[in-house]
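Just so it is clear, the model here is predicted, and its values are computed rather than measured. Just so you know, these numbers use all the heavy atoms, side chains as well, and skip hydrogens, waters and symmetry mates.
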2 protein chains.
Amino acid sequence: MKVTMKDIAKEAEVSVATVSHVINGTKNITEDKYKKIMRIINKYNYIPNSTAKNLRQKKTKTAGMIVSSFPDSFITEMVYGVEERAREMGYNLLLVNTNEDKNYEEETINLLHSRMVDGIILSPATNDIEYLNRFTDENFPVVLVNRYNNIVRNAPKVTGDNFQTGYDATIHLLKHGHKKIGMIYGVANVSTTDERIQGYKAALDQYNIPFDESYLELGHATVNGGAAAVKSLLNRHSDITALFVQNDLMTIGTIHQIREQSLKIPEDIALIGFGDFASAPIIDPPVTNIILPPDTIGKTAFDALLSKINNPEYTKHIEMPPSLITRKSCGCK
Amino acid sequence: MKVTMKDIAKEAEVSVATVSHVINGTKNITEDKYKKIMRIINKYNYIPNSTAKNLRQKKTKTAGMIVSSFPDSFITEMVYGVEERAREMGYNLLLVNTNEDKNYEEETINLLHSRMVDGIILSPATNDIEYLNRFTDENFPVVLVNRYNNIVRNAPKVTGDNFQTGYDATIHLLKHGHKKIGMIYGVANVSTTDERIQGYKAALDQYNIPFDESYLELGHATVNGGAAAVKSLLNRHSDITALFVQNDLMTIGTIHQIREQSLKIPEDIALIGFGDFASAPIIDPPVTNIILPPDTIGKTAFDALLSKINNPEYTKHIEMPPSLITRKSCGCK
DNA sequence: CAAGGATGGTAAAACGATTAACTAAGGAGG
DNA sequence: CCTCCTTAGTTAATCGTTTTACCATCCTTG
């Protein structure tokens, strides 16, 4: 059977407390006892049971990470950032994907909380996260990442600056002389989309172009979803000369569909995508993207979680600025 | 403070055992006591502490998943498959990325084992996994996924058929008349690479072409790594007319580099990549890929883990066949 | 009505560690 | 030599559940 601390103690003819002290360095132990105990520990490859330790110490060195869509390159790289920083800090990660299911998200938080994770990093499925206050009000550490909502009290947030993202992309297209700019997005009622739309609006406003909601199109965040969305959008507004697509897979679907309609990028339709997928530079034409740094967001989110764990007062909203990578698809060069 | 079963029991004027029986349905409880207890449970939003439960029951409904590289689209989708099936089965996933670090991998297994995960799904960093026998010999459930090594006893394996993958890709190029076929790969000394090389060899053999190791090139599994690898390879063998690239990012780097050298795909160099990245059809020329189904591999791996948990005798090696998606880059159409 | 079987509930021992409080022995100092 | 401190080590409580074994009580049934 599995060897426990008791077994080690028995064989070394000491108490379990002494063994524990040897392992954790919590008390001076005489040289010979120390060596004897260590020898037996190594002999059996003994490693203390973390579950028992966690129960007693009420901490697990584990963080919960809940994402709403997976795999999605942005989310994936964010998870990577979180995992990497967690690993550096000696933490483990309990990863759950909710598939944009709000109810499952709430269940999951309950579950992870009951598993005594030290805190949770959450990219929520919807704006509807009032329920989180039940946890945050009791100072259970929750960090909102990527998406957020200000109805949640007492939680740090780490996100991209999505207003700026929408604004910068739109301004760039406006500067190229476009007036009819369509926007395609993959998820509704989340802060990322909402804020990018606000940025889009603000940019149009600055150029005295009235905002028209029918120039926005919601689709599935997939290649086919992008193709379908652009088809429907162009059907409605054949006067569109530029597009901002908020998701990499949808961007690829968009390019597909535009070619299908025998239109030229950027001559007939200029294009800015979101997120810098690896193949962007070798597509014809190379795709201009506006990007936010997912891995940095992930790492920063874990740092924020640690800050929150160590200081219950900590509630900062950190926003990462976007950057525009211009290639030919927007009409540049 | 946090409410425990004891608190519930006190308020309901029953023993903790009764509360536990109500929650788990392990004993008949009279209607009125049952209702009273449930009312109090709901009032406090009480959820039993999983850590205590896990310790007592010696199971955690948690699987460890250890991968060697992340993010990497193949691995990511595999993780997705595992997570999805785990979720369906009521399991959680403790995800760790070892970044191809063998020592960290061993440490991690020790740690997860001490955390009493019910089993581990491992995509090992190297072939050097003899140490696993320490666990598998004691019937601790370990499933090898993607990469494997037969020195490990008593472990199910779920992988792609990589021999067939190398064979099919090479045969396809040979059928197009190529005789000087280069191969670029991103990791050495792992079963995936080794077996694809074996498949490549077998295909050449069938066409009576002698195998020459210098037609293989190892690079970093990145865009730049792919570019550098193909540069070095073409430098060594300017007679190469076809390439099989074993990784999506490297494929993109390869295309970059080939264009850089003013060569045409597929006229000067035919190309087959591995893994069907979304943009493959819209690159010029569209990229032929040979693929293995990462999400199915992931799901199957979790199923295998469950089988192993329920039946210590279970040790099956499941291999998924590849499929070739032909587009123009290999000279088809 | 006594014996036997269900039935509903509880006490207490696990699970495997950590840690506060205690003890015995040895050494130092007056 | 007595007192007091250190020091090394132990005892036992604790973390929050589950679960076995036991105990009443009530119901049958002959």
Which word best sums up how the rings of F70(A) and Y80(B) line up, parallel for under 30°, tilted for 30 to 60°, or perpendicular for over 60°?
tilted

Is Y46(A) near enough to dG16(C) that one of its side-chain N or O atoms lies under 4.0 angstrom from OP1 or OP2?
no

Within this structure, what is the CZ-CG distance for the pair R147(A) and N162(A), rounded to the nearest 0.5 Å?
10.5 Å

Which class fits the ring pair F135(A) and H113(A): parallel under 30°, tilted 30 to 60°, perpendicular over 60°?
perpendicular

Atom CE of M116(A) to atom C1' of dA17(C): distance rounded to whole Å?
12 Å

Output the distance between atom CD (E77(B)) and atom CG (L292(B)), rounded to the nearest 0.5 Å.
12.0 Å

Using whole Å, report how far CE of M5(A) lies from C1' of dT14(D).
14 Å

Any side-chain N or O of N54(A) less than 4.0 Å from the OP1 or OP2 oxygen of dA17(C)?
no

Indicate yes or no: does E13(A) engage K36(A) in a salt bridge with an N to O separation below 4.0 Å.
yes

Annotated protein contacts, base or backbone, on nucleotides 9-15 of chain C with a non-hydrogen cut-off under 4.0 Å, one of B, S, - each:
BBB-BBB

Here the distance between atom C1' of dT19(D) and atom NZ of K59(B), to the nearest Å, is 13 Å

Say you draw a straight line from OG1 of T76(B) to CE of M78(B); how long is it, rounded to the nearest 0.5 Å?
9.5 Å

Working for side-chain hydrogen bond (donor to acceptor under 3.5 Å, both in side chains), residues S15(B) and T18(B):
CA-CA 5 Å; S15(B) 72; T18(B) 308; 3.1 Å; yes

How does protein contact run along nucleotides 23-28 of chain C, one letter per nucleotide 5' to 3', with B for base contact, S for sugar-phosphate only, - for none, heavy atoms under 4.0 Å?
------

Value in whole Å for how far the P atom of dG16(D) lies from NZ of K10(B):
13 Å

Mind calculating the distance between CD1 (I47(A)) and C1' (dG16(C)) to the nearest angstrom?
15 Å

In whole angstroms, how far is the P atom of dG16(C) from the NE2 atom of H113(B)?
12 Å

Using a 4.5 Å cut-off on heavy atoms from C-beta on, say whether the side chain of T126(A) contacts that of E105(A).
no

Five-pair end axes of the helix from dC1(C)-dG30(D) to dG30(C)-dC1(D), angle between them (10°)
50°

The single option from T315(A), N154(A), T136(A), D118(A) that satisfies side chain to side chain donor-acceptor pair (under 3.5 Å) with K308(A) is N154(A)

Looking only at non-hydrogen atoms, find the nearest pair between F140(A) and V117(A) and report the distance.
CE1-O, 3.5 Å

Go through it in stages, so that I can follow the logic: the residues are E138(B) and R134(B), the test is salt bridge (charged side-chain N to carboxylate O under 4.0 Å, His left out), and I'd like the CA-CA distance, side-chain angles, deciding distance and then a yes or no.
CA-CA 7 Å; E138(B) 290 189 351; R134(B) 183 150 55 80; over 6 Å; no

